[in-house]
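Just so it is clear: chains get the letters A, B, ... in the order the sequence lines come, proteins before strands, and each one is counted from 1.
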Amino acid sequence: MATPKKTPLSRIRPSKRPTIAPPEKSPYSVTKSPTATSLKPAPIHLTHPDKILDTETQLTKQQLADYYWAIAPYMLPHISGRPISLVRCPEGSTETCFYQKHLTDTLPPGIEPIDIPNQRTGKPEPYITLSTPEALASLAQISVLEVHPWGSRNQDLEHPDRLIFDLDPDPSIPWPVLAASATEIRKRLQQLGLESFLKLTGGKGLHIVLPIQPEHDWATIKDFTHAFALEIEHSNPQLYLTKMSKAARKDRIFLDYLRNERGATAVAPYSPRARTGATIAMPLPWSDLKPNHKLAERPTFHAASFSDWKSRLHHDPWKQLPSLRQHLTPELLAQFKTSK
DNA sequence: GTTTTTC
DNA sequence: GAAAAACAACGCCCA
DNA sequence: TGGGCG
Ligand SMILES: [Mn+2]
Ligand SMILES: [Mn+2]
């Protein structure tokens, strides 16, 4: 019996193992719609195209490559020109996975290096970046189930232009409560004159993305998001907390401002997750959170059932994001400081 | 998944 | 030559 | 300082 190796991350190293054989046919890739068609195959080489990367949905490496190829026009605008970290699962989503952030010589062609100075030593290290649909699709060959971009661009690494308000709920938090919290945070930002964008993380939580002009350094941005999170926590300490420990999280939502830090990453929109079902980090229109909306439970999307949800792309809920030019003014920064 | 080390 | 092992991140926070 | 955490 193969004795598992150690790795720091519980989700990256799932504790559960499949105990029963998966069904021969999975409902996830079965298309009920008469108009749906199979995807165009990605024009890249795969060593084992039929290898299953997610047993729950029977997702194959070929399907993953075709998914990346098809989603590239929607995903690339949010990852190209940025350093990215990868989560690789050579034995599938239920087995040991690992992060890769450095460029190595065994990566597929089209993956590019971006040298980033180590914060402490100043020594440049080759990180990963990519900019083409081919390079994105080729991530399937190395079993990449998650793509995580930095919040800043290669050309201006020290000045973030994407802030993440990361809502990490205790499992006991009902979806309508989480949805109302996200809506409240959007409204608070709107009161500051800032529009923001929503996505499912593909796990239990939500990300609220605030695009800004790259005008401030990471320390400034981190302190702003920290102070903003603290204000929310103080407004309703029964529901929110800004401490990371899971023990203290019981029945609460952790406001994880630590995504807004040099070198930190957040899962990319439309990235699959390295978890059972290969769920998608899906952008949502804010209207999906309205109290009267049908969604009584958190919606879930799978990479393997892309053909069932690809029509959602007709209306890209993040369409306005890249063209917004929002500023964190000196007044706003002065209003949100952890020590004043 | 690939490369390096060991038998 | 085949099999096994090594390797593929990192840094903040707080007890 | 170690371990939890993402
Ligand atoms: Mn989260
Ligand atoms: Mn988080």
Side-chain angles (χ1 to χ4, degrees), chain A residues 1-14 44-53 60-61 64-65 83-93 95-109 111 113-114 116-121 123 125-128 138-151 164-171 201-207 218-219 221-223 225-226 229-230 233 241-250 252-268 271 273-275 281 338:
Chain A
M1 183 55 53
T3 303
K5 335 60 186 177
K6 68 214 151 213
T7 143
L9 300 152
S10 63
R11 191 172 63 72
I12 297 301
R13 160 168 227 4
I44 58 151
H45 174 72
L46 300 173
T47 51
H48 301 285
D50 297 328
K51 175 92 184 254
I52 301 289
L53 291 181
T60 65
K61 190 184 274 194
L64 181 64
I84 55 175
S85 295
L86 310 173
V87 176
R88 298 177 53 186
C89 309
E91 297 172 273
S93 59
E95 300 300 324
T96 305
C97 303
F98 60 90
Y99 266 88
Q100 178 161 5
K101 71 180 215 180
H102 291 124
L103 191 81
T104 57
D105 49 23
T106 56
L107 294 178
I111 312 293
I114 170 72
I116 301 182
N118 181 287
Q119 184 76 319
R120 281 183 313 132
T121 67
K123 185 182 167 192
E125 300 173 359
Y127 279 61
I128 296 165
S138 71
L139 296 181
Q141 166 57 18
I142 57 170
S143 309
V144 170
L145 283 178
E146 298 188 6
V147 179
H148 296 239
W150 279 39
I164 308 288
F165 297 90
D166 176 19
L167 276 56
D168 289 342
D170 183 75
T201 63
K204 298 223 160 69
L206 293 172
H207 284 175
W218 284 105
I221 291 307
K222 179 185 174 184
D223 194 64
T225 57
H226 188 184
L230 281 171
E233 177 184 31
L241 81 168
T242 57
K243 302 266 174 271
M244 184 166 51
S245 90
K246 285 205 169 176
R249 197 176 304 184
K250 177 126 176 60
R252 290 186 172 83
I253 298 169
F254 169 45
L255 303 172
D256 183 4
Y257 64 94
L258 291 167
R259 295 311 85 217
N260 303 289
E261 195 163 63
R262 189 183 190 272
T265 61
V267 69
S271 173
R273 301 309 302 269
R275 55 200 303 135
T338 54

[N] OP1/OP2 closer than 4.0 Å to side-chain N/O of [X]:
| X | N | value |
| --- | --- | --- |
| A:K222 | C:dC12 | no |
| A:H102 | C:dC10 | yes |
| A:R259 | D:dC5 | no |
| A:K51 | B:dG1 | yes |
| A:K243 | C:dC13 | no |

Side chain of [X] - closest among [options]:
| X | options | value |
| --- | --- | --- |
| A:T47 | B:dT2, D:dC5, C:dA9 | B:dT2 |
| A:K61 | B:dG1, C:dA8, D:dG6 | B:dG1 |
| A:S143 | C:dC10, B:dG1, C:dC12 | B:dG1 |
| A:N118 | D:dC5, B:dT2, C:dG11 | C:dG11 |
| A:E125 | B:dG1, C:dC10, C:dC13 | C:dC10 |
| A:M244 | C:dC10, D:dC5, B:dT2 | D:dC5 |

What's A:R262 touching, base or sugar-phosphate or nothing? Going by heavy atoms closer than 4.0 Å.
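Nothing, no nucleic acid heavy atom in range.
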Looking at every strand, decide which applies to A:Q119 at a 4.0 Å heavy-atom threshold: base, sugar-phosphate, or nothing.
nothing
I'd like to know if the side chain of A:E95 and the backbone of A:P90 have a donor-acceptor N/O pair within less than 3.5 Å.
no
Pairing donors with acceptors under 3.5 angstrom, does anything connect the side chains of A:K222 and A:Y257?
no
A:E91 and A:T96: side-chain donor and acceptor closer than 3.5 Å?
no
Would you please indicate yes or no on a ring centroid separation below 6.0 angstrom for A:H207 and A:F165?
no
